[in-house]
Amino acid sequence: MEKKKFLVVFIFILTLVLASCGNRESKEIIGIEPGAGVMQATNKALEEYENLADWKLIESSSAAMASELEKAIKKEKPIVVTGWSPHWKFAKFDLKFLDDPKGIYGEAESIETFARKGLKDDLPGAYTVLDNFYWEASDMEEVMVAIHDGADPEEAAEKWIENNSDKVAKWVEGAEKGNGEKVTLVYVAWDTEIASTHVIGKVLENHGYDVVLRQLDAGPMFTAIANGDADAMVAAWLPLTHASYLEEYGSQMESLGVNLEGAKTGLVVPSYMDVNSIEDLK
Ligand code: PBE
């Protein structure tokens, strides 16, 4: 008798624990690298949207976030991730950005190029190529999808350059050829920046420079340019996503302007989920 009672109580408690686990799981936002602007914005969203009061943002990596998303979609399970566009995930899965009535994630973002001070005088040819670098979201997406489908980033960049010689010709127009001088580009392992940095890196290499690509976290990427430890990066999302980095390091870097328009960040869910706004998350 005693044993039976114990068993009943045990099962009851187990049910409670499992239920609360399930509950907790559904109140998680799968994030990426802690230094990303979309993570700062999501922390702000957790504070400002009352319905997110008991939600948690999970730090992760861009690659791990994408694989969690893929796993959930295979089982048609609910999932909320910190997302951004352009990104291959929109070509591969049926996804939607949640409406953001409080405007925490801002409107459309641009991606901008920054160089260290003095690059223009030291390597005017490389500076001109970086300054001319501009492409469309669809171009970047093409490279990202190729990489996701298994191509090496360098290979995917080469292929895109081959197929878009008209665009590339405009970037190198009027740029003095390099003579094996070293150019260091820094970037973060975000899918967007892996694509862009490998493309512009290859273009500079084809133009006579000895290009080194160095992968860093977001903060160190900005400090490397500000300190002059690296020559340039094509990875600043503005006006909002990297606003805090710009405030800190903007005066120590040289802005070369926008290289892509119409980017966006926010909370992303599979289309089969019955939510359309951040305010619908319960
Ligand atoms: N991202 C991709 C970055 C910028 C590029 C949106 C993940 C971020 O949130 O900082």
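Order of listing sets the numbers, starting from 1, for every ligand and every atom in it. Sequential numbering from 1 along the given sequence is applied to the chain's residues. This structure is a prediction, so every number in the text was calculated from the model and none was measured.
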Next item on the list: Please could you name the atoms of ligand 1 that T192 approaches to less than 4.0 Å, counting only its heavy atoms?
Entry: 2 (C), 5 (C)
Checklist line | Any donor-acceptor N or O pair under 3.5 Å, side chains D139, Y134 | finding: no
Notebook entry, point to check: What protein heavy atom is closest to atom 9 (O) of ligand 1, reported as residue, atom name and distance in Å?
Noted result: V38 N, 2.8 Å
Margin query: Classify the ring geometry of H242 against F222: parallel below 30°, tilted from 30° to 60°, perpendicular beyond 60°.
Written below: perpendicular
Checklist line | Closest non-hydrogen atom pair between Y209 and V183, with its separation | finding: CD2-CG2, 3.6 Å
Note to self: Run V129 and I200 through side-chain contact (heavy atoms from CB on, under 4.5 Å) and show every step you take.
What the structure shows: CA-CA 8 Å; V129 176; I200 194 65; 3.9 Å; yes
Next item on the list: Could you tell me which atoms of ligand 1, counted from 1 in the order shown, lie closer than 4.0 angstrom to a heavy atom of T265?
Entry: 6 (C)
Note to self: Out of all atoms in ligand 1, which are within 4.0 Å of some heavy atom of W237? Include the element for each.
What the structure shows: 2 (C), 4 (C), 5 (C)
Next item on the list: Tell me which protein heavy atom sits closest to atom 7 (C) of ligand 1, plus the residue, atom name and distance to 0.1 Å.
Entry: I32 CD1, 3.3 Å
Notebook entry, point to check: Nearest protein heavy-atom contact for atom 1 (N) of ligand 1: which residue, which atom, what distance?
Noted result: W84 CD2, 4.0 Å
Notebook entry, point to check: Taking the six-membered ring for Trp, are the ring centroids of W237 and W190 within less than 6.0 Å of each other?
Noted result: no
Checklist line | E47 and K44: CA distance, side-chain angles, deciding distance, salt bridge (Lys or Arg N to Asp or Glu O under 4.0 Å) verdict | finding: CA-CA 5 Å; E47 279 170 25; K44 195 168 168 214; over 6 Å; no
Item checked: Short N or O distance, M39 and ligand 1, threshold 3.5 Å exclusive -> no
Check: With no hydrogens and no angle check, is any side-chain donor or acceptor of D121 less than 3.5 Å from a backbone partner on G118?
Finding: no
Next item on the list: Look only at interatomic distance and state if G37 has a nitrogen or oxygen under 3.5 Å from any nitrogen or oxygen of ligand 1.
Entry: yes
Check: Counting from 1, what ligand 1 atoms have a heavy atom of T241 closer than 4.0 Å?
Finding: 8 (C), 9 (O), 10 (O)
Note to self: When you measure from the heavy atoms of H242 to every atom of ligand 1, does any distance fall below 4.0 Å?
What the structure shows: yes
